[in-house]
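Lettering follows sequence order; numbering is per chain, from 1.
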Number of protein chains: 2
Amino acid sequence: MIKARVTVTLKNGVLDPQGKAIEGALGALGFEGVDQIRQGKVFDLTLDGVDKTRAEADIKAMCEKLLANTVIENYTISLD
Amino acid sequence: MIKARVTVTLKNGVLDPQGKAIEGALGALGFEGVDQIRQGKVFDLTLDGVDKTRAEADIKAMCEKLLANTVIENYTISLD
């Protein structure tokens with residue numbers, strides 16, 4: 001059993017209206033000093049098997065094919 | 001300027017239909033050995049100021065009030 005976390009974030013320069021909305025909502029709630037918020041996604045994966053090298057390669061392929069839109073998003077993989 | 005990352009994940013036992021859909025999609029793409037996927041959210045915050053203790057307290061309040069639904073979600077805060 002291998003556990004891994006994939007974090008997908010928008011690339012710099014890509015507009016993030018969701019993040020802007022959260023900034024606005026925090027301001028409306030009285031939180032000051034928030035300069036910027038950008039929202040991303042996180043995927044917690046549990047994989048069968050014990051080969052970490054193989055698992056990392058598999059997860060990279062999953063990111064390229066499904067989990068991330070590599071035109072506008074970056075991803076990082078961390079294995080436990 | 002303080003940078004922080006908030007990670008919001010579903011609590012154990014809370015159904016995650018989005019994660020299930022991703023599991024199904026990965027299976028359809030030919031990826032085997034995926035036991036479970038759960039999706040969460042990540043927020044990258046940039047705050048004005050230099051007081052890390054104060055910033056952490058502020059971010060905790062933001063999580064409780066807006067960023068996380070603490071009935072069904074856990075959150076972790078990590079400051080750079």
Subject >> Greater than 12 external heavy atoms within 6.0 Å of Lys11(A)'s NZ >> reply: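 Check passes, neighbour count above 12.
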
Subject >> Leu67(A) with Val14(A), same ILVMFWY side-chain cluster at under 4.5 Å >> reply: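 Unlinked, Leu67(A) and Val14(A) end up in two clusters.
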
Original post:
Do Leu10(B) and Val71(B) belong together in a cluster built from hydrophobic side chains that touch within less than 4.5 Å?
Top reply: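 Same cluster.
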
Can you tell me how far the [atom1] atom of [X] sits from the [atom2] atom of [Y], to the nearest 0.5 Å?
X: Ile22(A); Y: Met62(B); atom1: CD1; atom2: CE; result: 11.5 Å
X: Asp44(A); Y: Thr9(B); atom1: CG; atom2: OG1; result: 6.5 Å
X: Leu45(B); Y: Gln39(A); atom1: CG; atom2: CD; result: 10.5 Å
X: Leu29(B); Y: Lys65(A); atom1: CG; atom2: NZ; result: 6.5 Å
X: Ile37(B); Y: Thr46(A); atom1: CD1; atom2: OG1; result: 8.5 Å
X: Phe43(A); Y: Gln18(B); atom1: CZ; atom2: CD; result: 7.5 Å

Side chain, backbone, both or neither: which part of [X] has a non-hydrogen atom closer than 4.5 Å to chain A?
X: Ile59(B); answer: neither
X: Val8(B); answer: backbone
X: Ala4(B); answer: neither

Subject >> Greatest number of heavy atom pairs closer than 4.5 Å to chain A - which of Val34(B), Val42(B), Asp35(B), Asp48(B) >> reply: Val42(B)

Subject >> Largest heavy-atom contact set with chain A, pairs under 4.5 Å, which of Arg5(B), Glu23(B), Glu32(B) >> reply: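 Counting heavy-atom pairs under 4.5 Å, the top option is Arg5(B).
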
Original post:
Contact part of Ala55(A) toward chain B, heavy-atom cut-off under 4.5 Å: side chain, backbone, both or neither?
Top reply: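 Neither the backbone nor the side chain of Ala55(A) comes within 4.5 Å of chain B.
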
Original post:
Quick one: what part of Phe31(A) sits under 4.5 Å from any heavy atom of chain B, side chain, backbone, both or neither?
Top reply: side chain

